[in-house]
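First the structure, in the form of structure tokens, and then the observations on it.
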Protein chains: 2
Amino acid sequence: MSTPTVYDVANHAGVSIATVSRVYRNPDTVRAETRDRVLAAARTLGYVPSGNARGLASRATGVLGLCFPDNLQYDEHREETQELGHEAHHDEADLMIYSDEVIRGMERAARERGYGLLIAATVAGDPASTVADVAGRVDGVAVLAGTVSTAELEVISRRLPVVMLAGPRENPALDHLDHVEVANFDGQLAMTRHLIVDHGLTKLAFVGGPPNSPDGEARFRGFQAAHLEAGLDIPAEPRIRAGLTTSSGRHAIGELLATLPERPQAVMFANDQMAVGALPELEHRGLRVPADIAVTGFDDISVSRLVRPALTTVRQPMQELGRHAVDLLLARVADRDRAPVSRLLQVSMVRRASCGCRVSHDHQPLNGS
Amino acid sequence: MSTPTVYDVANHAGVSIATVSRVYRNPDTVRAETRDRVLAAARTLGYVPSGNARGLASRATGVLGLCFPDNLQYDEHREETQELGHEAHHDEADLMIYSDEVIRGMERAARERGYGLLIAATVAGDPASTVADVAGRVDGVAVLAGTVSTAELEVISRRLPVVMLAGPRENPALDHLDHVEVANFDGQLAMTRHLIVDHGLTKLAFVGGPPNSPDGEARFRGFQAAHLEAGLDIPAEPRIRAGLTTSSGRHAIGELLATLPERPQAVMFANDQMAVGALPELEHRGLRVPADIAVTGFDDISVSRLVRPALTTVRQPMQELGRHAVDLLLARVADRDRAPVSRLLQVSMVRRASCGCRVSHDHQPLNGS
DNA sequence: GGTGTGAATGTATGCGCTTACATCACGAGC
DNA sequence: GCTCGTGATGTAAGCGCATACATTCACACC
């Protein structure tokens, strides 16, 4: 009646439970005829091995974990945008594109290596229990920066491998985790330099993310560095901080134009979502992009090449983050004592129309059709 | 040295393992002072309860599963688009937006109910083992239609609750699963009727998905039904079948115009991704949307309101699919013997510019700023 | 002072599997 | 004919926890 176990299968097939287990773990140590008998019994009984029991006995779960922030709370404009119909819904979705990509990359890599993926968003609220919850179920866990404090992660990392994604090792003495980082600084530096040097723009405004976003802060430092390099005044803070969402990008435009004595020649957004949200608002205000004002983003999400003008941005390998997470996790499963490593993933500039590099858009016609 | 267990914590705190367990399961049955002692010991030892052991002992994992297709293989144009730089990457991402939304909805709902989420993509290859793998680790599993055969699911459903997402109950005698469906037929019927009745268009072309996509097929039947209703010739098959991706949507345009004697007045795509890919290609060929040719999609992914012209489409509640999955799963966990249920989620038409309902785009200016 | 009562804690068992070790059958080699 | 190796299978001991049940203790009550 209830869920069948190895014992039921063993009885039904006339073998011992060890043989049943071997059929699933080491099929080639079992005589072919016996194996078939066991599998037949399993099929007729509807037997499915218990992952829990297996995990307990073999002290490995075959599952990796990923904690990411579900940071709706950052978007202070959510309420206001309800009048736009499904806008709020979309906004929510937009914000998550980044996590989605990391999840997908990690799921694929995990599956290729024979692992499952347990995902858990952590809302800013009860962080400790959530991550401990997944920690108890997996062989290793990746954590997107900003989700859980490094101190907590250190505790958890005593039990299993932990890798921090998109976050720097702030204090080498306290932080013995593996890290995967993205060259945010370099990317924003190059992009800012591009605007200054190649397009001759000097009045640039940076729209940042919330202060607790390591990505956003690193990008701003790249923005500053380009100013230093070019001998321009170095802004101490992002001109505006916004919620990294489409709607907050749109709202940032109003705030920008209202508070600035002089219109900037370019607005550099900390991510693509905001830039994408800003474009229609600029259009509505009669500002032509890039003629009147250039716009750039960061990430290269798929929307960015579909909007008009197509968005100039810095492409970061979001799925690769997930892949590297799996790689580092399994390397550490194999050797718990290896020295902590940091991997830095490179980014690349994608010049499209919104900075002035292409005339209208970047649609490439199909060959010969 | 190695991972601490209840025994270690019990020793360290001077209590029995039962008390340690109670501190985590039923904190209020333990004296406050004792509880603190145990928690202190746990903290200094770096104790994290083993999900496996807990699951084994309590016969429940606290985790739900979701299987979804990772169907890159459908996109026959992937190779050709490499010359477009990151196009292939984007295409891949595009295709997954739907799954991503379902995952997100399910993750949120699961978390709210105190469950974790184990996700596993199933490539068309070794389906059985993958889904059995997750089945062994979870308290219930949701499966996106097209991922696993109903027969296999029936076997698995003898062990744990299974719900099928976005797929109809084809044979009530063989299929005792719970289902969550979306009103694809109704949505496409309404949209097609809209083009015929409100816009006076009669020459419509439908670009479908692969034949094994239940969503795509149901939408095509809605398309047919609208023709029947209007007394128009009823097409027996979608004019073209494509891969549901942005690039396959673009390619569909060429194929459409090349094979059709007369240009259709409207192209209705089985999903938004394809429609979004088609827009720049139409533009490139000098066809104005919607003046020369109307375009519609299905899903209402977030890009659809950002492209120009903004896409008229049918909105389906993708996240809701995930939420309902959790709901049905937990209801069946509570009562294994309840009758199989099917939930039908409603869709809604979103009229934007690409069908001719709005002049240029649907950007709503901000109030008073 | 004996007894009943309830709260706090301990004891002991089993969840379903993996795996080291034991056993067994069967030939090969001497 | 006996030993020994080898492949196939069985035996039994946990893995780390939850929980039924037993025990202890303090206290109230008659």
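Throughout, protein chains are lettered first and strands after them, A, B, ... in sequence-line order, and every chain is numbered starting at 1. We use all heavy atoms of the structure for the numbers below, so side chains are in, but hydrogens, waters and symmetry mates are not. Computed from a prediction, not measured in an experiment: that's the story for all the values here.
- Taking the side chain of A:R22 as heavy atoms from C-beta on, and the options D:dG10, C:dT19, C:dA8, the nearest nucleotide is D:dG10.
- For A:T34, counting side-chain heavy atoms from C-beta on, the closest listed nucleotide (C:dA8, D:dG14, D:dT9) is D:dT9.
- Nearest heavy-atom pair across A:A331 and A:R338 is CB-NH1, 3.5 Å.
- When distances are taken from the side chain of B:A53 to each of D:dG16, C:dT9, D:dC15, the shortest belongs to D:dG16.
- Taking every side-chain heavy atom of A:S16 into account, D:dG10 is the closest of C:dC17, D:dG10, D:dA18.
- Ranking C:dG10, C:dC17, D:dG10 by closeness to the A:A18 side chain, first place goes to D:dG10.
- Closest to the side chain of A:V15, out of C:dT18, C:dC15, D:dG10, is D:dG10.
- Using a 4.0 Å heavy-atom cutoff across all strands shown, A:V30 reaches sugar-phosphate atoms only and no base atom.
- The side chain of B:S21 lies closest to D:dT19 when the candidates are C:dT18, D:dT19, C:dC15.
- A donor and an acceptor atom never sit less than 3.5 Å apart when one is taken from the side chain of A:Y7 and the other from the base of C:dC15.
- Mapping B:R37 and B:S58 onto DNA chain C via the closest heavy atom, the residue that lands nearer the 5' end is B:R37.
- The side chain of A:V6 lies closest to C:dC17, out of D:dA18, D:dC15, C:dC17.
- Of the candidates C:dC17, D:dC17, D:dG10, D:dG10 carries the atom nearest the A:T19 side chain, counting heavy atoms from C-beta on.
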